[in-house]
Amino acid sequence: MTKLGVNIDHIATIRQARRALEPDPVAAAVVAELAGADGITVHLRQDRRHIQDGDVRRLREAVTTRLNLEMAATDEMVRITRDLHPDQATLVPEKVDEITTEGGLDVARNPAPVGRAIADLGDAGIQVSLFIDPEARQIDAASDLGVSMIELNTRAYSEAAPKSPDLAGQPLDDELTRIIRACERARGKGLKILAGHGLTYRNVRLISDIPEIEELNIGHNIIARASLVGLERAVREMLEAMGRGIRR
Ligand code: PXP
């Protein structure tokens, strides 16, 4: 059974839009865990656009499953992560002006900074995963760096996947084939395989059916759906708070 790590960054995005106290990512983590999430993921970005250091500290206390912290492989972030001590750290590339993580780490071309971060986090007893594109050279380089875990970037698959609600019977696109090949290669090297980025209720099944993939990290589409499926109740509760009672 494929595990689900729920990325709650965008709960913090809504809060930071007003620099308010709500919604609290810690409350979101508790709800996600009660609903069956196998882990909670947050990305502490260098520009602190959504999740804040204090959020991670409080999540460290509250999360009862596994806390996975996505982070850039910089000295500063490594120092902060060693202090916060999540169960897992996922190293990701980070660009200042990107809307979201754009691609995987290029460990094939520039392994040194990632190698240093892996060693420093490993010394602190933190498990390390590398977010990489589903390419043979990146998988080989990740394996050479000695990590036990990788997260394959599904962004290209997500963008290529047909938008129709039912993908059954549709020809497998090239991106899905790339991910399946990458899984076979990574499994051959003994790596634990996670995947994520851009996955939605419509396109997730073809990925969760790949037997080598043990866990998916999904954020935006879950939070987007939550904002809609929760809206009716939220409006009713506001009417109640206004003394207007419950309308049926
Ligand atoms: N995995 C990684 C490494 C990511 O950076 C992100 C986005 O923060 C995700 C998974 C989740 O992507 P999405 O929000 O599109 O589900």
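Whatever order the structure lists them in is the order used to number ligands and atoms, beginning at 1. Here the structure is a predicted model, which means the values were calculated and not measured.
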Would you check, one step at a time, whether the test salt bridge (charged side-chain N to carboxylate O under 4.0 Å, His left out) holds for Arg244 with Glu240?
CA-CA 5 Å; Arg244 296 247 323 249; Glu240 259 187 277; over 6 Å; no

Given the rule in the side chain to side chain donor-acceptor pair (under 3.5 Å) test, do Asn217 and Thr41 qualify, once you have shown the distances and angles that lead to the verdict?
CA-CA 7 Å; Asn217 270 312; Thr41 296; 2.8 Å; yes

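Salt bridge present: Asp140 and Arg185 bring a charged side-chain N and a carboxylate O closer than 4.0 Å.
A heavy-atom separation below 4.0 Å is not found between Thr90 and ligand 1. Residue contact check for ligand 1: Val92 places a non-hydrogen atom closer than 4.0 Å to it.
Each of the atoms 13 (P), 14 (O), 16 (O) of ligand 1 lies under 4.0 Å from some heavy atom of Gly219. For ligand 1 and Asn217, the ligand atoms under 4.0 Å from any heavy atom of the residue are 10 (C), 11 (C). Every atom of ligand 1 is numbered from 1 in the order shown, and the set under 4.0 Å from a heavy atom of Gly198 is 12 (O), 13 (P), 15 (O), 16 (O). Atoms of ligand 1 lying under 4.0 Å from at least one heavy atom of His220, given by number and element, are 13 (P), 14 (O), 16 (O). Proximity to Asn7 (heavy-atom distance under 4.0 Å) selects the following atoms of ligand 1: 8 (O).
Compare His43, Glu70, His197 by their heavy atoms: the one nearest to atom 2 (C) of ligand 1 is in Glu70.
Note that Arg225 lies in the cation-pi zone of Tyr201, set by a 6.0 Å cut-off to the ring centre and a 45° limit from the axis.
With a 4.0 Å heavy-atom cut-off, ligand 1 is reached by the side chain of Glu151 but not by its N, CA, C or O.
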